[in-house]
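In the text below, chain A, chain B and the rest are named by the order of the sequence lines, each starting its count at 1.
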Protein chains: 2
Amino acid sequence: MDLKQARGSRRTASKKRNKHPANGVTGAQSIHRAAGLLRAITFRGRDGARLVDVARQCGLERPTVHRILKCLVAEGMVTQDPGTRRYFLGHLVFELGLAAAPQFNMQQLFEPALLRLAERTGDTVYLSMRSGLDCVCMDRKEGAFPIKTLTLDVGTRRPLGVGAGGIALLMTLADEEVREIVAANAWRIAGYGSLRAPVVLDLIKRSQALGFALNDRQLTPGAISVGLPVMNPYGAPYAAIGIGAIASRMSAERLQQLAALLKSEVRALERVVVAGKARA
Amino acid sequence: MDLKQARGSRRTASKKRNKHPANGVTGAQSIHRAAGLLRAITFRGRDGARLVDVARQCGLERPTVHRILKCLVAEGMVTQDPGTRRYFLGHLVFELGLAAAPQFNMQQLFEPALLRLAERTGDTVYLSMRSGLDCVCMDRKEGAFPIKTLTLDVGTRRPLGVGAGGIALLMTLADEEVREIVAANAWRIAGYGSLRAPVVLDLIKRSQALGFALNDRQLTPGAISVGLPVMNPYGAPYAAIGIGAIASRMSAERLQQLAALLKSEVRALERVVVAGKARA
DNA sequence: ATATATAGTTCCATATTATGGATCTAAAAC
DNA sequence: GTTTTAGATCCATAATATGGAACTATATAT
């Protein structure tokens, strides 16, 4: 009997472990993973996420994800619907968010502009911000038009490049940087219907030519959206404002009108935002 | 050669595994700890927390806390002020909070009552909720009186039993349960000036006799606060509304007036809250 | 209704991770 | 200046977290 043998399951499987070198910090792998799970849960928006979705999204095995989620549920950071078994963020996350709000809540700054746009256009107005390689929906205001395109919930994360906001946040960056970001997000972008990384690059190119982000790929069939980035005083885009409506309301002329409206609001915002207020 | 031997270091040492029983979930100790750190950061409110504070609060060694915090910073869940080295919650926590908000945000429900109270009294009105053994400040509205007692920031956590809200959340529970909770929080309660667990028990007893929570221990010298719990349809307290002001505004008669005002608002709220809406 | 596929969960040997004592550096306090 | 306290780093190894295998529950196809 050789003691080295021992059903060598673990050994053989370590083919490419550590493929992600954590996040640069050693001795905290599982925390890195837990943070990834929390983010992954918000990809699905209000519907919640299933175990497999999260596992696939994070590139982890199901038992691992299950164990970490169980712990997060015990902590109150995650809730699980007993019926559907789907996972949602929990009360602790909301409570902690309140404590973080004073530093990161841009609502006060953007709300008047969003409300004006919603009122003047009748459509749905979105505020998005960049967070790493993601684009997070930070606020949403509905206009009066009775057919409302509520395609994106507040708090939902999507890969940069997806949606008008995600395009807007990239369209002013250098080509090189855009390519890197889109490449890094490519596999996630492929999760949005027929959208693919090269398509995103094309959309960005066209948006640059137009002067505003245009998303007519209809991630949600029948919906089209326009967007513009908001720059900080150093010229870096840190937020985006978008307007979404059903395709029939988005004629070529109206797109131009909306873009003009957006542009004037964005200009006003950029004048207000002084260096100290803008997020890196 | 016996294969069991093999440098027997690990085997022999497994004498007292699980010396910390985590949180009931095995295989996720460091996530449990990370969640504890995040909570600990919110104990200090807007000032942020120092490494030692967090370590003491969580009962962990400084290197452990340092490593976990470094990871949380890399994830964007925590920020560190480069000057003071104090830790704050990061942008990711706020973003995740937005995604959790639809399920846990009670603002809409309570805001009108808070605003009415702030207007009619001129003082500062607080909304608190229970979270495990903590009491979390969920909202705050300022009245018109020019000397404002802003003793508690939104998002700040305190041990149940501390402050008018923390007393209110306990005053309707069975004595046995109160004793257990206060005992569990005793060491943390001792971190609030001269406050001690027995004092808290006395405050609760007096509040029960008065019919409203009264905190005149002046955690913040010069400030006194009153509070009442809000019960869910099953008779369990799940929130508390409090009013704080400087001591000179808190005569015996005025306390009674404030309690009466609180009571009528709380009654109205309890009528509105149907089973489905109330938090467990 | 039955078969098949997919998702969720539990178990556990052990490889990998996370721990914390010791140590060093930096910043307050005296 | 000296002392004290806080923050950060190192690393041997104790203890945790991992994931393959196996099983159950649920959804989908036949």
Side-chain angles (χ1 to χ4, degrees), chain A residues 3-34 36-37 48-74 78 80-87, chain B residues 3-34 36-37 48-74 78 80-87:
Chain A
L3 42 151
K4 294 295 169 50
Q5 184 181 9
R7 292 248 285 292
S9 55
R10 207 68 191 300
R11 210 83 274 268
T12 51
S14 67
K15 45 194 173 177
K16 52 171 181 176
R17 288 203 69 184
N18 244 3
K19 60 181 172 181
H20 299 295
N23 56 357
V25 179
T26 62
Q29 185 196 59
S30 63
I31 294 167
H32 172 60
R33 291 180 169 186
L37 297 203
R50 296 179 311 164
L51 180 65
V52 261
D53 299 330
V54 178
R56 209 165 288 153
Q57 195 65 233
C58 300
L60 297 173
E61 296 300 324
R62 294 202 298 288
T64 304
V65 172
H66 184 259
R67 176 169 34 79
I68 296 178
L69 283 174
K70 205 158 63 171
C71 173
L72 291 172
V73 167
V78 168
Q80 185 176 22
D81 183 290
T84 65
R85 302 193 168 174
R86 278 161 189 263
Y87 292 94
Chain B
L3 40 153
K4 295 294 168 52
Q5 186 181 9
R7 289 246 291 290
S9 55
R10 171 161 39 240
R11 217 80 273 269
T12 52
S14 66
K15 50 195 171 181
K16 52 171 182 178
R17 287 187 81 169
N18 246 3
K19 62 179 173 181
H20 299 294
N23 56 356
V25 179
T26 61
Q29 185 195 59
S30 63
I31 294 167
H32 172 59
R33 290 180 169 187
L37 298 203
R50 295 179 311 164
L51 181 65
V52 262
D53 298 331
V54 178
R56 210 165 286 150
Q57 195 66 231
C58 299
L60 297 172
E61 296 300 323
R62 296 203 298 289
T64 303
V65 172
H66 183 261
R67 177 169 35 78
I68 296 177
L69 283 174
K70 206 160 60 169
C71 174
L72 291 172
V73 167
V78 168
Q80 184 176 25
D81 183 292
T84 65
R85 300 193 169 176
R86 278 164 188 260
Y87 292 94

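- Here A:Arg67 reaches the OP1 or OP2 of D:dT18: one of its side-chain N or O atoms lies under 4.0 Å away.
- Note: A:Leu51 CG to A:Arg56 CZ = 10.0 Å, rounded to the nearest 0.5 Å.
- Taking atom CZ on B:Arg86 and atom C1' on D:dA8, their separation rounds to 18 Å, with Å as the unit.
- As rounded to whole Å, 15 Å separates atom C1' of D:dT26 from atom CG of A:Asp81.
- Taking side-chain N and O atoms only, A:Arg33 has a distance below 4.0 Å to OP1 or OP2 of D:dG19.
- One atom, CZ of B:Arg85, and another, P of C:dA28, lie 8 Å apart when rounded to the nearest Å.
- Atoms NE2 and OG, on B:His32 and A:Ser30 in that order, are 12.5 Å from each other to the nearest 0.5 Å.
- Scanning all heavy atoms of the two residues, the minimum distance from B:Cys71 to A:Ile31 falls at SG-CG2, 3.7 Å.
- With rounding to whole Å, A:Leu51 atom CG is found 6 Å from C:dT9 atom P.
- In this structure, the side chain of A:Gln80 engages the main chain of A:Arg85 through a donor-acceptor pair within 3.5 Å.
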Dump every N/O contact between nucleotides 23-25 of chain C and the protein below 3.5 Å, one line per pair.
none

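- When the C1' atom of C:dA28 is taken as reference, atom CZ of B:Arg50 falls 11 Å away, rounded to whole Å.
- Here A:Ser30 does not reach the OP1 or OP2 of C:dT17: none of its side-chain N or O atoms lies under 4.0 Å away.
- For the helix from C:dA1-D:dT30 to C:dC30-D:dG1, the angle separating the two terminal helix axes comes to 50°, with each axis derived from five pairs and the value rounded to 10°.
- In terms of position along DNA chain C, the nucleotide closest to A:Ile31 lies nearer the 5' end than the nucleotide closest to the other residue of the pair B:Gly83 and A:Ile31.
- With rounding to whole Å, A:Leu60 atom CG is found 15 Å from D:dG20 atom C1'.
- When all heavy atoms of B:Arg33 and B:Ile68 are compared, the pair lying nearest together is CB-CD1, 4.0 Å.
- Nearest-nucleotide positions on DNA chain D for A:Pro63 and B:Tyr87 put B:Tyr87 closer to the 5' end.
- As rounded to whole Å, 18 Å separates atom P of C:dA15 from atom CD of A:Glu61.
- Within the 4.0 Å cut-off from OP1 or OP2 of C:dT17, not a single side-chain nitrogen or oxygen of B:Gln29 is found.
- Side-chain N/O atoms of A:Lys70 include one lying less than 4.0 angstrom from OP1 or OP2 on C:dT10.
- Across every non-hydrogen atom of A:Arg62 and A:Val52, the tightest pair is CD-CG1, 3.6 Å.
- OP1 or OP2 of C:dG20 has at least one side-chain nitrogen or oxygen of B:Thr64 nearer than 4.0 Å.
- Across every non-hydrogen atom of A:Ala34 and A:Leu72, the tightest pair is O-CD1, 4.3 Å.
- Within the 4.5 Å cutoff, side-chain heavy atoms of A:Arg50 are placed close to those of A:Asp53.
- B:His66 has no side-chain polar atom (N or O) that falls below the 4.0 Å cut-off from OP1 or OP2 of D:dG7.
- Proximity of B:Asp81 to B:Tyr87: side-chain heavy atoms (C-beta onward) are nowhere separated by under 4.5 Å.
- With rounding to whole Å, A:Leu69 atom CG is found 15 Å from D:dA17 atom P.
- Residues B:Leu37 and B:Cys58 share a closest heavy-atom pair of CD2-SG, 3.5 Å.
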